[in-house]
Amino acid sequence: MTMSAAPVGPQRYQERYPATLKAAGQARRDMTLALETWGLTELADLARQVVTELMANALEHTDSATVGASITRTGARSARIVVTDSCRTRPTTGAPSPDDEHGRGLLVVDALAHAWGSEPVHGGKRVWAELRADSEQ
């Protein structure tokens, strides 16, 4: 008799964080550790910046008690970050003036991520960003 391993699905890490100022830092550390564990250290800087901006948006623009964050390995050199909150209002990129101190978060995500978007889910929304190493297009 021949046996083979059952597929286990993609590598994934997820966590819910209390909606406090510490949440973004905790998510950054967790995402970095997951990427290092998977051998994807080349995505760590991008992931830290993207999850910081997505978490900041969720914390600033919603009244969620908790915010979810996950990272899933989607390829040999790619990953997807998802941040969830309890607000169904979808985020939009702003058009800040040069003097504005806020309003650039999603512009940063747009510049760093291969793709990003949002979608309603039961109880709120998810905002996602696809990250790819330079050579994986």
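We count residues from 1, following the sequence as given. Computed from heavy atoms alone, side chains included, the values below leave out hydrogens, waters and symmetry copies.
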Any chance you could lay out the side chain to side chain contact (heavy atoms under 4.5 Å, CB included) test for His61 and Cys87, step after step, and finish with the verdict? CA-CA 9 Å; His61 299 291; Cys87 178; over 6 Å; no
ask   = Could you walk me through whether Arg126 and Val83 pass the side chain to side chain contact (heavy atoms under 4.5 Å, CB included) check?
value = CA-CA 6 Å; Arg126 81 178 69 152; Val83 171; over 6 Å; no
Q. Between Leu54 and Ile81, does a side chain to side chain contact (heavy atoms under 4.5 Å, CB included) hold up when you go through it step by step?
A. CA-CA 9 Å; Leu54 296 181; Ile81 292 175; 4.3 Å; yes
- request: Could you walk me through whether Arg77 and Glu42 pass side chain to side chain contact (heavy atoms under 4.5 Å, CB included), step by step?
  value: CA-CA 8 Å; Arg77 300 183 69 211; Glu42 69 267 30; 2.9 Å; yes
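Residues Ser118 and Arg90 have side chains that bring a donor and an acceptor to within less than 3.5 angstrom of each other. Thr62 and Ser64 are linked by a side-chain donor-acceptor pair at a separation below 3.5 angstrom, with hydrogens and angles left out of the test. In the model, Arg16 has a side-chain atom that pairs as donor or acceptor with a side-chain atom of Thr66 under 3.5 Å. A donor-acceptor pair shorter than 3.5 Å cannot be found between the side chains of Gln26 and Arg28.
Judged by distance alone, with hydrogens and angles left aside, the side-chain atoms of Arg73 form a donor-acceptor pair with the main-chain N or O of Trp38 at under 3.5 Å. Proximity of a side-chain donor or acceptor of Lys125 to a complementary backbone N or O of Thr89 within less than 3.5 Å is detected.
Here the shortest heavy-atom pairing between Pro91 and Val127 reads CG-CG2, 3.8 Å. In this structure, Ala27 and Val51 approach most closely via the heavy-atom pair CB-CG2, 4.0 Å. In this structure, Gln14 and Ser70 approach most closely via the heavy-atom pair CB-CB, 3.6 Å. Closest of all the heavy-atom pairs between Ala44 and Thr32 is CB-CG2, 4.4 Å. Pairing each heavy atom of Ala34 with each of Tyr13, the nearest pair is CB-CB, 4.1 Å. The shortest heavy-atom contact between Gly124 and Arg88 is O-NH1, 3.5 Å.
Put simply, the side chain of Leu131 reaches to within 4.5 Å of the side chain of Val50, judged on heavy atoms. By the 4.5 Å heavy-atom criterion applied to side chains, Leu106 and Asn57 are counted as neighbours. In this structure, Leu112 and Val108 have side chains that are in contact, with non-hydrogen atoms separated by less than 4.5 Å.
Atom-to-atom distance recorded for Tyr17:OH and Met55:CE is 6.5 Å, nearest 0.5 angstrom. Note: Met31 CE to Thr52 OG1 = 10.0 Å, rounded to the nearest 0.5 Å. Atoms CD1 and CG, from Ile71 and Asp30 in turn, are 10.5 Å apart once rounded to the nearest 0.5 Å.
No option in Arg132, Glu130, Arg80 other than Arg132 meets the side chain to side chain donor-acceptor pair (under 3.5 Å) test with His114.
The salt bridge (charged side-chain N to carboxylate O under 4.0 Å, His left out) search around Asp45 returns Arg48, not counting sequence neighbours.
Val82 and Leu35 are members of different hydrophobic clusters when ILVMFWY side chains are connected at heavy-atom separations under 4.5 Å.
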